Amino acid sequence: MNENDFRTCCFRNEADLDLYLSRSLSGEQLSGRELHLSGCAPCRELVAQRQAIRHRLRAAVDANAPAGLEYRIRHSVGGSPRSGWRTWRLIPVAAVALAAVLVPWSRQHGRLLFTAEERAGYIDSIGSAVSPIMQVGLQQHMHCAVFRRHDEKPVTTEDLKRDLGPEYAELIPAIQQSLPRNFRIIEAHVCTFRSLQGRAYTHVAASDGTRLISLLITNRAAGQAFENDFRSVAIDSPAPIYAASVQRFNVAGFETRHHLVYVVSDLSKEQNMATMKAMAPAVARVVRQVEIG
Amino acid sequence: MIAFPGSADAENTRRESFNQEAMPHLNGLFRTAMRLTGDRTRAEDAVQEAFLQAWKSFDRFQSGTNCRAWLFRILFHCVHHQRRKWFRFPVLKETEEFLEANLTAPEPIPDWLRDEDILRALDGIPPDYRSVVLLVDVEEFAYRDAADILKIPIGTVMSRLSRGRKLLREQLKSVAAAYGIGGGTK
């Protein structure tokens, strides 16, 4: 295809083509262009190429605002968070105000400006909007990923495997392959959260520089089961997956015989679920091996 | 219940109305601010300031009109104000010309170009053109709304969009060429 092909083209010039691409022609003009395109392969190719650029551009630019930003905006508008934020327990107003302003700032600058009590209050307030079994994953994500300072230096796969320990080391490559584009693992360790009776977690955290994802594995207490509180939202996976949302956080979880597994993030609901579904087969296999072993 | 102006109920009603009308547009404003400022902190600051200003002037906003365009207008004002604060010298404007160039043969974008390559290309075009490309191609505003947001004539929107798209295509070619593939074309 060469320049000559376009001399007899329906589109007179770039501006005319731009108007078509932006759907800014009149109905009659648009119909005329569509009719021409149906019989003109060079023009169709040109339009397809220009539209492809727009699609790639939209996909590349697409981003969600950080969770803390929405909170700060709602708080600066005034009033306590309510309707649409579900249950809100009574916590000191000062702690909430402080949390709204300083959580994103402290994450960004790596300094924990909160007292432990203020952090716990904020985590409690978020967790109270979901069921107890979802709190188990969500609150640990808040405690250990959202509030924690993360080293900026990239870590090697071998370091991550070593940090995670031999039982779950083989999860690292599987998680790396399951992460959304532009995310990399930033932490892998075993951690605890005092508020949840010293419960221990195997925790892998990933980030794209703006958003955070946590994979969390913890023991399942007697009587704990997602199906007690939920209907599963995904059954095309090794185990039924359950989901919950609060503010900009999305939680997906499944259970094995003795463990609960969570993916928590500030991705969209769909992206969070897609990430869980991608990780679930490998995670379920390794967790069951641990249970047998 | 009757909400008297100035009463707590009136305030709550106003806040609920603002949350319903304005908050759904948060992501669109944030991603635009990111591309305008090139910096996450400044983008968050600009968006937060935009929402605060919108809240303060919400009484003047007519429900049912284009809230999204109104918010974007405020955002661009905030970003412009931020630029003047951060940069001592005004940003030089490129000479604008209405592009009536002949059509050029299509040059496909290589599939292997990553999102960050696309973004680098976008960030490489001057802000005035980048703004129009963001509003029309990404946020899909009509020309008239984009003109209103940027406070420029519709004709200027059209010319900047043409030039911005052309510059973007050239930047993408450069990015592809930098990978060692000739001209980014097959």
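Reminder, nothing fancy here: chain letters follow the sequence lines and each chain counts from 1. Worth saying up front: this structure is predicted, and the values here are computed from it rather than measured.
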To the nearest 0.5 Å, what is the distance between [atom1] ([X]) and [atom2] ([Y])?
X: B/Arg114; Y: A/Arg56; atom1: CZ; atom2: CZ; answer: 10.5 Å
X: B/Phe51; Y: A/Arg72; atom1: CZ; atom2: CZ; answer: 12.0 Å
X: A/Asp62; Y: B/Asn27; atom1: CG; atom2: CG; answer: 8.0 Å

Quick one, [X] and [Y] - any side-chain contact, counting heavy atoms below 4.5 Å?
X: B/Arg31; Y: A/Asn64; value: no
X: A/Leu21; Y: B/Arg165; value: yes
X: B/Phe30; Y: A/Leu69; value: yes
X: B/Val133; Y: A/Leu57; value: yes
X: A/Leu19; Y: B/Met158; value: yes

Interface moiety of A/Arg181 toward chain B, non-hydrogen atoms closer than 4.5 Å |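 The answer is the side chain of A/Arg181.
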
Can you check whether anything in residues 138-150 of chain B gets within less than 4.5 Å of chain A, heavy-atom wise, and list it by number?
->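 Result: B/Val138, B/Glu140, B/Tyr143.
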
Pairs of heavy atoms under 4.5 Å with chain A: top-ranked of B/Asp137, B/Leu168, B/Val47 =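 Max contact count across the listed options: B/Asp137.
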
Output the option from B/Leu161, B/Leu134, B/Leu113 having the highest count of non-hydrogen pairs under 4.5 Å with chain A.
->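 Heavy-atom pair counts peak at B/Leu113.
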
Provide the closest heavy-atom pair for B/Val136 versus A/Ser22 in the form atom of the first, atom of the second, distance.
->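 Heavy-atom minimum between the residues: CG1-OG, 3.7 Å.
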
Could you tell me which non-hydrogen atom of B/Leu26 sits nearest to which non-hydrogen atom of A/Ala65, and how far apart they are?
-> CG-CB, 3.7 Å

Tell me, side chain or backbone of B/Phe18 under 4.5 Å from chain A's heavy atoms, or both, or neither?
->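 Answer is side chain: those atoms of B/Phe18 sit under 4.5 Å from chain A.
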
Toward chain A, the part of B/Met23 with a non-hydrogen atom under 4.5 Å | side chain

Side chain to side chain donor-acceptor pair (under 3.5 Å) with [X]: which residues, sequence neighbours excluded?
X: A/Asn182; result: none
X: B/Thr65; result: none
X: A/Ser265; result: A/Asn272

